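Only a predicted model underlies this, so the values are computations on that prediction, with no experimental measurement involved. In what follows, every chain begins at residue 1, and chains take the letters A, B, ... in the order their sequences are listed. Below, all heavy atoms of this structure are taken into account, side chains as well, without hydrogens, waters or symmetry copies.
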2 protein chains.
Amino acid sequence: MAQRGAYAKGIAKREEILTTALEVIVREGFSGASVRQLADAVGLSQAGLLHYFSSKDELFTEVLRKRDEVDAVGMDAAGPDPASLFDGFLALIRHNADVPGLVQLYVHLSAAATDPAHDGHEYFRERVAQIRSRFAPAIAELQARGDLPSSLEPEQLSRILIALADGLQEQWLMDPSIDMAGDIAALLQALGLRSPATAR
Amino acid sequence: MAQRGAYAKGIAKREEILTTALEVIVREGFSGASVRQLADAVGLSQAGLLHYFSSKDELFTEVLRKRDEVDAVGMDAAGPDPASLFDGFLALIRHNADVPGLVQLYVHLSAAATDPAHDGHEYFRERVAQIRSRFAPAIAELQARGDLPSSLEPEQLSRILIALADGLQEQWLMDPSIDMAGDIAALLQALGLRSPATAR
DNA sequence: GTCTATACCTAGATAGAC
DNA sequence: GTCTATCTAGGTATAGAC
């Protein structure tokens, strides 16, 4: 099955490219990283690299998707308590402070992807929707338990937390001395949440 | 004084360019607005326009500064009550929903300006610092009055509100059905604030 | 199916004429 | 102060070798 073999090889190469790109961005940051630059790192020509991706924007979107996969490993270890979802959320944000290059990529791309014509538009829409659909039930449960104010819609608080995380990443890039996870934890605490993550 | 005259004319032209650019962006949106495009609208060549600005990024940064000037007119009408500061803040955000082009410009530029080499870097740093220095005292006063929880540092809550507004603008561009000001007002209310702005 | 080489296009920057 | 012309960088498209 020559076809099957070649196909599998293509998939593998794609994965290899994404993994390498992720490493390069973590190591050297994303300051206007060009396709040629990444192509060099992978040992391909620029056109060779774009054989696997339809555009620069798609390539970088896939890099983020790859990052999500890697991060999900640590995130999915959420316990039965709804509050533990926030623990994972905060752990992720704490982790972000160790990979400024990826934060740059994320901030840059999420801004560009607001354009419906951008190759990453759907990815970001789905990402927000997915996080919201995870958060909302946990929030509702915590509200029922009296650990979060019921005046906020669960979907609304989800949106707020996502927006807050995004905005703080931007501010953190401008001034790395701020504590992104600390700020979010403090807000959750001020809203009445009690959990390991907000405990100081 | 020919020099003086020429100087004044240059200033005036600069203002004219910024005003026109603002109008164009409001009217046609900022979807990869190019320098040439704006130059056409002003009746100049691309090089002619860049005679007044050192780069594209500086030009667009100045457009935002111009927007701030215009907006400040409505914002500075804050009353003596510290809570009225939030009224102005929310009014501004409500107004943003009427000018998607400017929100696009803001989101795009604030992401790009996280790079210290970006011409708008200092502008955004100062902008955040300025808003923070306005918010913090008002927050402290509201905390003393028991209208906001004291567990949050005033500077911290300032950062949170700025980040939230920025993040919501991004989400709103992705999905204009969300109510940016409504979400922020709901959060302030959940934190205990009572004011005209949060009243429904 | 994988990849190189090359040519192309857009767009910002810059030099120099007027 | 403003233009034309040119330079450069970078993303994209295509032809064709393997």
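Taking the side chain of B:Ala47 as heavy atoms from C-beta on, and the options D:dG1, C:dT14, C:dT4, the nearest nucleotide is C:dT14. The listed nucleotides are D:dT4, C:dA13, D:dG10; the one nearest the side chain of A:Arg36 is D:dG10. Closest approach to the B:Ser55 side chain among D:dT4, C:dT2, C:dA13 is made by C:dA13 (side chain taken as heavy atoms from C-beta onward). In the set D:dG10, C:dT2, C:dA13, C:dA13 carries the atom at the smallest distance from any side-chain atom of B:Leu50. The side chain of B:Val35 approaches C:dG12 more closely than any other nucleotide in the set D:dC3, D:dA13, C:dG12.
Looking at A:Glu170 and B:Ser110, their side chains do bring a donor and an acceptor atom within 3.5 Å of each other. For A:Asp175 and A:Ser177, the side-chain atoms include at least one donor-acceptor pair closer than 3.5 Å. Checking B:Asn96 against B:Tyr106 by side-chain atom types alone, no donor-acceptor pair falls below 3.5 Å. A donor-acceptor contact closer than 3.5 angstrom is absent between the side chains of A:Thr61 and A:Asp119.
When ring centroids are compared, B:Phe53 and B:Phe60 stay outside the 6.0 Å threshold.
Put simply, CZ on B:Arg14 is 12 Å from P on D:dG1, counting in whole angstrom units. For the pair A:Leu59 CG and D:dG10 P, the interatomic distance rounds to 15 Å; values are reported in whole Å. Computed from coordinates, the B:Leu38 CG to C:dG12 C1' distance equals 13 Å when rounded to whole Å. The distance between atom NZ of A:Lys56 and atom C1' of D:dG11, rounded to the nearest whole Å, is 8 Å. Summarising the geometry, the separation between NE2 on A:His51 and P on C:dG1 is reported as 7 Å, rounded to the nearest angstrom. Between the NE2 atom of A:His118 and the C1' atom of D:dG11 there is a distance of 13 Å, rounded to whole Å. Straight-line distance from the CZ atom of B:Phe60 to the C1' atom of C:dG12: 11 Å, rounded to whole Å. B:Asp40 has its CG atom 11 Å from the P atom of C:dA11, to the nearest Å.
Residue contacts for B:Ser34: at a heavy-atom cut-off of 4.0 Å it reaches the sugar-phosphate backbone alone, with no base atom in range. A:Leu49 comes within 4.0 angstrom of nothing in the nucleic acid, heavy atoms only.
In the interface, the side chain of B:Gln46 is paired with the base of C:dA13 through a donor and an acceptor atom under 3.5 Å apart.
Judged by closest nucleotide on DNA chain C, A:Ser45 is the one of B:Asp119 and A:Ser45 placed further toward the 5' end.
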